[in-house]
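Presented below is the structure to which this report refers.
The sequence lines fix the lettering, A, B, ..., with proteins before strands; numbering per chain opens at 1.
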2 protein chains.
Amino acid sequence: MSSPSPKLALFKQFALVAKTLGHPQRLELIEQLGQGPRSVDLLAEKLGAPIANVSQHLQTMRRAGLVAAERQGKFVVYRLADDSVLAAMKAIRRVAENNLAEVDKIVRGYFEERDSLEPVTREELSGRLRDGMVTVLDVRPADEFELGHVPGALNVPLSELDARLATLDPEKDIVAYCRGAYCVMSFEAVSRLRAQGFSARRLEDGMPEWVAAGNAVASS
Amino acid sequence: MSSPSPKLALFKQFALVAKTLGHPQRLELIEQLGQGPRSVDLLAEKLGAPIANVSQHLQTMRRAGLVAAERQGKFVVYRLADDSVLAAMKAIRRVAENNLAEVDKIVRGYFEERDSLEPVTREELSGRLRDGMVTVLDVRPADEFELGHVPGALNVPLSELDARLATLDPEKDIVAYCRGAYCVMSFEAVSRLRAQGFSARRLEDGMPEWVAAGNAVASS
DNA sequence: GGTATATTCAATATTTCAATTGAATGATTG
DNA sequence: CAATCATTCAATTGAAATATTGAATATACC
């Protein structure tokens, strides 16, 4: 028998990946990076966490092969290593959804009640985009919108939604999206739009999935 | 304390799942349970770990929704919560394979050199099983074989391979499999069979994937 | 070159995790 | 009902992860 069995060595590596995913803040970083490469600076601001802290998490993630870093001028820009990282996060999310009662509780309490109608699938949105009979709303903050969005989408951050209601065409259906499947902002937007009489629905998931599915992305 | 944001609450749950996957021994338990429900006793024996230790890991995994337990007489039988758990483990493995140089090194050193021929896919094996022109070898220990195996497979544990070489039909191709993609035993078996002049290949992955793909399983 | 800015490093205190041991519980058997 | 077996619990110890702080390094800009 070989002293360090190859199997154990491999499992240690797999465990390293999983363990590194096992931190809420790092999952949040992956959600952000799922939208595109970002600097440490910007990520720290998004998370509302100290820069040194975020930097350390990113380095931990780099050691585990989840992200890669590249220096651009005085910024260090991190990005996801590849699509498999998002896939892994999705797989973990599914385990939690299926088997943790706690998740069900949270989702019911905060999300489901606000989404009585079926969310719109990516395929459906792609189709309706071609017809032009739909208004697509990107409710993320402006900086995230600028770094990449669904072509033709209007950027209406949640904070500005009420102010810009008047500019929306009440005849068209509205589809709102934000970062990912559990991004609260799109739920909130749909709920407020409906309250104003709009026909609003939510995209089933967010920007990262849109990109991962090979859809077109526009940047301004 | 005001309740934390639903998003953070969710991410904590996701992180719990990932963190729980982040231990080599627990991954090994999942590999074992991927073959079917097992008692604490048997799992401990398989891992060569103290029972109390394994029991604790299993309870940790139960809290994270990865496994479920059921009392059967004086045994407590654990099983995977559902298919999503194996899917998550697979997704994590993929991240590691794609992005960790260390994994590549281990695989190259221990596995690849012993597998110059392409492994057989599940689909291919299903087809050739119908033709009957292939000998399927299950090289796992007898107890694991008994709890479920590919229909028509011969159980030849690695330890008995040499002794039973004479009983194998040299005219037929041989396909060997064991637990999972990285289960060393099937590599070893193929290598030894080839050294004896047999036409031997390895199934691309193992028992859990065979089951997950909805293939038939026989038990003796 | 000097200074501001972005990021990383290093040291520390705190918390959490893991393995070990022996005792306690629950179910079965005689 | 005692004895036995499988499992879990509880307490302890050592190891590892995390957040926090302030200093160090690199790059750009003036």
Worksheet, complete the sentence: With the side chain defined as heavy atoms from C-beta on, N53(B) is closest, among dC9(D), dA19(C), dT27(D), to dA19(C)
Worksheet item: Considering only heavy atoms and no angle criterion, is a donor-acceptor pair shorter than 3.5 Å present between the side chain of Q56(B) and the base of dT20(C)?
Response: yes
Worksheet item: Between the main-chain N or O of G73(B) and the side-chain N or O of R71(B), is there a donor-acceptor pair closer than 3.5 Å?
Response: yes
Worksheet item: Pick the nucleotide of DNA chain D nearest each of G73(A) and P50(A); which residue has the one closer to the 5' end?
Response: P50(A)
Worksheet item: Under 4.0 Å: is that the gap between some side-chain N or O of Q25(A) and OP1 or OP2 of dT18(D)?
Response: no
Discussion item. Quick one: does any side-chain atom of R26(A) pair with a main-chain N or O of T20(A) as donor and acceptor, under 3.5 Å?
Written reply: yes
Practice prompt. Would you please confirm or rule out a distance under 4.0 Å between OP1 or OP2 of dA18(C) and any side-chain N or O of R26(B)?
Written response: yes
Discussion item. Strictly below 4.0 Å: does Y78(B) bring a side-chain N or O up to OP1 or OP2 of dT8(D)?
Written reply: yes
Discussion item. Please report the distance, rounded to the nearest Å, between CG in D41(B) and P in dT8(D).
Written reply: 11 Å
Worksheet item: Can you tell me if the side-chain N/O atoms of S55(B) get under 4.0 Å from OP1 or OP2 in dT7(D)?
Response: no
Worksheet, complete the sentence: F75(B) CZ to dA27(C) P, in whole Å, measures 15 Å
Worksheet, complete the sentence: V76(A) has its side chain closest, among dT8(C), dA6(D), dA6(C), to dT8(C)
Item to complete: Report the residue (R71(A) or V77(B)) whose heavy-atom-nearest nucleotide on DNA chain D is the more 5′ of the two.
Response: V77(B)
Item to complete: With heavy atoms under 4.0 Å as the rule, sort T60(A) into base, sugar-phosphate or nothing.
Response: nothing
Fill in: Distance test, side-chain N/O of H57(A) to OP1/OP2 of dA17(D), below 4.0 Å
no
Practice prompt. Grab the NZ-P distance between K74(B) and dA6(D) for me, whole Å please.
Written response: 6 Å
Fill in: Between C1' of dA18(C) and CG of L21(B), the distance in whole Å
17 Å
Worksheet entry | Phosphate-side-chain proximity, K19(A) and dA16(D), N/O vs OP1/OP2 below 4.0 Å | no
Discussion item. Side chains of S55(A) and Q59(A) only: does a donor on one sit below 3.5 Å from an acceptor on the other?
Written reply: yes
Worksheet item: Rounded to whole angstroms, how far apart are CE on M61(B) and P on dC17(C)?
Response: 16 Å
Discussion item. Over all strands shown, is R62(B) touching base, sugar-phosphate only, or nothing at heavy-atom distances under 4.0 angstrom?
Written reply: nothing
Item to complete: Pick base, sugar-phosphate or nothing for A52(A), based on heavy-atom distances below 4.0 Å to the nucleic acid.
Response: base
Worksheet item: Is the shortest heavy-atom distance from the side chain of D82(A) to the side chain of N99(B) under 4.5 Å?
Response: yes
Worksheet item: Within the structure, does a side-chain N or O atom of H23(A) lie under 4.0 Å from either OP1 or OP2 of dA16(D)?
Response: no
Practice prompt. Answer yes or no: does atom CZ of R38(B) have more than 12 heavy-atom neighbours from other residues, nucleotides or ligands under 6.0 Å?
Written response: yes
Discussion item. Expressed as a whole number of angstroms, how long is the span from I51(B):CD1 to dT20(C):P?
Written reply: 14 Å
